[in-house]
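Before any comments, here is the structure.
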Amino acid sequence: MKRLVQDLLADAVTRAWPDIDTADAPHVERTRDAAHGDFASNIAMTLTKTLRRNPREIAQTIIDTLTEDERIDRVEIAGPGFINFFLAPAAFRAAIDDVLAAGTAYGQSDTGAGQKIMIEFVSANPTGPLHVGHGRGAAVGDCLARLFEATGFEVTREFYYNDAGAQIANLAVSVQARAKGITPEDDAWPADGYRGDYIADVAAAYLAGETVAADDREVTGAADADNLDAIREFAVAYLRREQDADLKAFAVDFDVYSLESALYSEGRVERTVEALVAAGHTYEADGALWLKTTDFGDDKDRVMRKAEGGYTYFVPDVAYHVAKWERGYTRAINEQGADHHGTIARVRAGLQALAIGIPEGWPDYVLHQMVTVMRGGEEVKLSKRAGSYVTLRDLIDEVGRDATRYFLAARKPDSQQTFDIDLARSQSEENPVYYIQYAHARICSVLGQLQERGLDYSREAADLARLDSPHEQRLITAISRYPELVESAAADFAPQAVAHYLRDLADAFHSYYNAQQFLVDDAALRNARLALVFATRQVLVNGLKLLGVSAPEQM
RNA sequence: GCGCCCGUAGCUCAGUUGGAUAGAGUGUCGGCCUCCGAAGCCGAAGGUCGCAGGUUCGAAUCCUGCCGGGCGCACCA
């Protein structure tokens, strides 16, 4: 419908003023106030400059030029020059049948046209359990992935992790210490060793010769406390398995796991360095090899190869993104914590320096700000080393998967978030997610009542024209704008828009439910109301699915 | 010091890319179950959109400068 209005406007403008460029679709938006019609455009105001005429005059000319369409009831000028469109009642109600006909596909589009897109998210190092921040990344990243699937992209969810660097060496040393009976309180404990209890668990499993399966590998503990390589391999697999179990409990699945070590073993790191040198953007200084990232917008040059020989982490990072590009991902999104925002300029600079046709703004980044966890009125410090942080598992166990996912995705990623565990636990029944789920359960209950009374629902017997109350209008408007919501949430990387939309939809439904009886004797009216209510249920199901939240039939 | 993000009702947060009278939840106060689920609904109160300028028909939204909070500024990852 929105598209129809845009097309009509563009056509009218072109015919009224052939010189005006209408390549960009005219700005059309949903009205906030029903008195302003269903859609409004500010196009007349934006044309005042070029046409040097009063906006209301321009609006009038456009309206006079508009092609008649049976789906548009009337068009009015309002305020300083808005053009308000009022849909014809039949066209307005058509949304109900659109939903019922499309079912789970309602809201989906082919905007992406099958284009490949990769969303890399979580990407936690396997040095401990996932914490709340990872949970936010998982909720946001997975919701974005679902949004892109719904808008016709071919989506790959990818998890990248470092399985060989300094932090992993530290992990191995920590597990080894535990395996030898050393505890963090002992003098012999490694200086920066991971102190969490989970390290002891890993050590015990290793000594017991357990076999753990993670990603596409299987590792058996060698039970030898002196074999550091074996310990490292086992510890990584063990912790990856734990992380995956948490992610599974959170209903997040990845398609591909990429290992940093593979970038070395496949020669990608080496090739990237050679290519950067050949491109002429490197120099040697102080015994190290530098990349002139300042040529590409970074605020200082970066060391690629340290004086002692090893590469800095950013080299495999660039190599990894070259691999992404070569794998055909013309669109790539990296969802990560805002504390890593410094790497963005670096990675993009490295990719530009290679001059292999990668666009300047590639890849896209979605950064989520910190989650502050409150417990007992005090902030819980997030420290991997101390091992005293709140894990994703803690939240799932205490608050539930649905509420945790909803909360973590319902906030704009750019904003810091406070997650009060006590509040979430004690008031779990007042979480907005229950409000939405309750709307769904209520509709299912109506269906049950219908059957109990020996009645049948029939769309054919429904007279949708009877749906003329303000509550019904509001609900129809809500379901009809769902496809636009999905479209814009995907384009804006805005999972929170889905959460807030569902809140609004449930609100419109609950009001309707309290205001009007659905199961009335008048069959034409009853079936019309049921058609609307069942369409609402479908949109609730589809929207909750985007968030990865369940739609229970009973609560 | 430099860079990125944030500042909207007591609290937690939205705000359709610059639109019309700034909205929800929660909390407070007052109503609604003989009726499809009261995990619900209806109403009231609550605002200098951090502050000050600027841009224009029009600013919570864009620009500049301050103030406040967070996160980064390694030959760590």
Side-chain angles (χ1 to χ4, degrees), chain A residues 27-33 35-36 40-42 45-46 48-49 54-55 78-82 84 125 127 162 165-168 170 192 260 285-290 298-300 302-314 316-317 337-345 367-370 372 407 410-418 420 423 427-432 434-435 437-439 441-450 452-453 481 484-485 488 491-492 494 496-497 499-501 503-504 506-507 509-520 529-530 533 554-555:
Chain A
H27 185 69
V28 171
E29 61 189 24
R30 290 271 174 181
T31 56
R32 209 175 325 198
D33 184 341
H36 298 145
S41 178
N42 64 348
M45 277 113 84
T46 61
T48 49
K49 271 244 175 77
N54 174 313
F82 290 103
N84 292 337
N125 279 338
T127 52
N162 172 349
Q167 295 184 19
I168 298 301
N170 188 21
D192 291 315
E260 187 188 21
D286 305 324
L289 179 66
W290 297 70
D298 201 359
D299 54 358
K300 63 169 82 164
R302 305 292 168 177
V303 169
M304 295 170 64
R305 192 174 55 229
K306 299 179 260 186
E308 38 98 342
Y311 292 115
T312 56
Y313 75 94
F314 117 90
D317 239 15
D339 52 339
H340 291 107
H341 80 261
T343 67
I344 299 175
L367 304 179
H368 63 262
Q369 294 288 329
M370 233 177 58
T372 304
F407 265 105
R411 202 125 307 165
K412 189 167 54 181
D414 276 341
S415 298
Q416 286 168 232
Q417 178 168 17
T418 303
D420 189 326
L423 189 71
Q427 300 195 343
S428 67
E429 301 200 85
E430 291 177 14
N431 285 342
Y434 291 104
Y435 182 83
Q437 290 178 320
Y438 183 45
R442 258 186 163 174
I443 294 172
C444 293
S445 172
V446 169
L447 181 58
Q449 276 292 321
L450 182 73
E452 217 164 277
R453 298 183 194 185
R481 77 182 179 90
E484 296 157 29
L485 176 275
S488 67
D492 299 342
Q496 81 278 4
H500 289 284
Y501 167 81
R503 222 277 157 202
D504 283 348
D507 190 8
F509 170 75
H510 284 307
S511 292
Y512 181 36
Y513 181 94
N514 274 273
Q516 252 145 359
Q517 197 74 12
F518 306 149
L519 303 178
V520 292
R529 288 178 174 169
L530 288 174
V533 165
Q554 289 180 10
M555 297 174 66

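Below, chain A is the first sequence line, B the second, and so on; all start at residue 1. If you're wondering where the values come from, they're calculated on a predicted model, not measured in any experiment.
A:Q554 CD: 12 or fewer foreign heavy atoms inside a 6.0 Å radius.
Here, B:A38 and B:C32 have their P atoms 16 Å apart, quoted to the whole Å. Distance noted for atom C1' between B:U61 and B:G18: 7 Å (whole Å). Distance check on atom C1': B:G15 versus B:G68 gives 23 Å, rounded to whole Å. Between B:G65 and B:C2, the two P atoms lie 10 Å apart (nearest whole Å). Between the C1' atoms of B:G31 and B:A9, the separation comes to 23 Å (whole Å). For the P atom pair drawn from B:U28 and B:C51, the interatomic distance equals 29 Å after rounding to whole Å. The separation of B:A39 from B:G25, taken at their C1' atoms, amounts to 14 Å, rounded to a whole angstrom. A distance of about 33 Å separates the C1' atoms of B:C36 and B:C13, rounded to the whole Å.
Separating the CG atom of A:N514 from the P atom of B:G31 is a distance of 18 Å, rounded to the nearest angstrom. Counting to the nearest Å, the P atom of B:U34 and the CD atom of A:Q517 are 14 Å from each other. Across the protein-nucleic acid pair, A:D504 atom CG and B:G23 atom C1' stand 9 Å apart, rounded to whole Å. One atom, CZ of A:F518, and another, C1' of B:C35, lie 13 Å apart when rounded to the nearest Å. The nearest whole Å value for the distance from the CG atom in A:D507 to the C1' atom in B:A39 is 14 Å. As rounded to whole Å, 14 Å separates atom C1' of B:G70 from atom NE2 of A:H368. Rounding to whole angstrom units, CD of residue A:Q554 and P of B:A39 are separated by 14 Å. Look at OH on A:Y513: it is 13 Å from P on B:G40, rounded to the nearest Å.
For the side chain to side chain contact (heavy atoms under 4.5 Å, CB included) test, residues two or more places apart in sequence or in another chain that qualify with A:A499 are A:Y406, A:A410, A:L547.
Between A:T46 and A:H27 there is no side-chain heavy-atom pair separated by less than 4.5 Å. A:F509 places a side-chain heavy atom less than 4.5 Å from the side chain of A:I443. With contacts defined as side-chain heavy-atom distances shorter than 4.5 Å, the pair A:L519/A:L450 qualifies. At a threshold of 4.5 Å between non-hydrogen side-chain atoms, the residues A:M555 and A:Q437 count as touching. Counting heavy atoms from C-beta on, the side chains of A:P432 and A:F407 come closer than 4.5 Å. For the pair A:H510 and A:R442, the minimum side-chain heavy-atom distance is below 4.5 Å.
In this pair, A:F518 and A:Y513 present their aromatic rings perpendicular. The plane angle is above 60°, beyond the 30 to 60° band.
Between A:Y438 and A:V28, the one whose closest nucleotide on RNA chain B sits nearer the 5' end is A:V28.
Listed by first residue number, the stems of RNA chain B with at least three Watson-Crick or G-U pairs below 3.5 Å are B:1-7 with B:67-73, B:10-13 with B:23-26, B:28-32 with B:40-44, B:50-54 with B:62-66.
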Atom pairs, N/O to N/O, protein against nucleotides 54-58 of chain B, distance under 3.5 Å?
none

If you restrict it to nitrogen or oxygen atoms, what contacts under 3.5 Å exist between nucleotides 59-63 of chain B and the protein, and what is each distance?
none

Every protein N/O lying under 3.5 Å from an N/O of nucleotides 6-14 of chain B:
from, atom 1, to, atom 2, distance (Å)
B:U12, O2', A:R411, NH1, 3.4
B:C13, O5', A:R411, NH1, 3.3
B:A14, OP1, A:K412, N, 2.7

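The listed nucleotides are B:G25, B:U16, B:G37; the one nearest the side chain of A:R30 is B:U16.
Within the structure, a side-chain polar atom (N or O) of A:Y435 is placed less than 4.0 Å from OP1 or OP2 of B:C41.
Within the nucleic acid shown, A:A78 comes within 4.0 Å of at least one base atom, counting heavy atoms only. Among the heavy atoms of the strands, none lies under 4.0 Å from A:A497. Contact annotation for A:D298: no contact, since no heavy-atom pair falls under 4.0 Å across all strands. A:A515 comes within 4.0 angstrom of no nucleic acid atom, judged by non-hydrogen atoms across all strands. Residue contacts shown for A:H510 are limited to sugar-phosphate atoms, with no base heavy atom under 4.0 Å away.
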Report summary line: Protein heavy-atom contacts under 4.0 Å, written 5' to 3' over nucleotides 72-77 of chain B as B (base), S (sugar-phosphate only) or - (none), form the string SSSBSB

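Between A:D299 and A:R302 there is a salt bridge, since a side-chain N of the basic residue sits under 4.0 Å from a carboxylate O of the acidic one. Between A:D286 and A:K306 there is no salt bridge, since no side-chain N of the basic residue sits under 4.0 Å from a carboxylate O of the acidic one.
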Requested in this report: Walk me through it: do A:D339 and A:L367 pass the test side-chain contact (heavy atoms from CB on, under 4.5 Å)?
Outcome: CA-CA 9 Å; A:D339 52 339; A:L367 304 179; over 6 Å; no

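Side-chain atoms of A:N125 never come within 3.5 Å of backbone atoms of A:T127 as a donor-acceptor pair (strictly under, hydrogens ignored). Remark: side-chain polar atoms of A:S511 are paired, donor with acceptor, to backbone N or O of A:D507 under 3.5 angstrom. With hydrogens and angles ignored, the 3.5 Å screen pairs a side-chain donor or acceptor of A:R529 with a backbone N or O of A:Q517. The backbone N or O of A:A285 sits less than 3.5 Å from a side-chain atom of A:W290, completing a donor-acceptor pair.
Glycosidic conformation, B:C33: syn, with the torsion inside 90° of 0.
A cation-pi contact links A:R503 to A:Y435, judged by a cut-off of 6.0 Å to the six-membered ring centre and 45° from its axis.
Rounded to the nearest 0.5 Å, atoms CG (A:N162) and CD (A:E260) are 4.0 Å apart.
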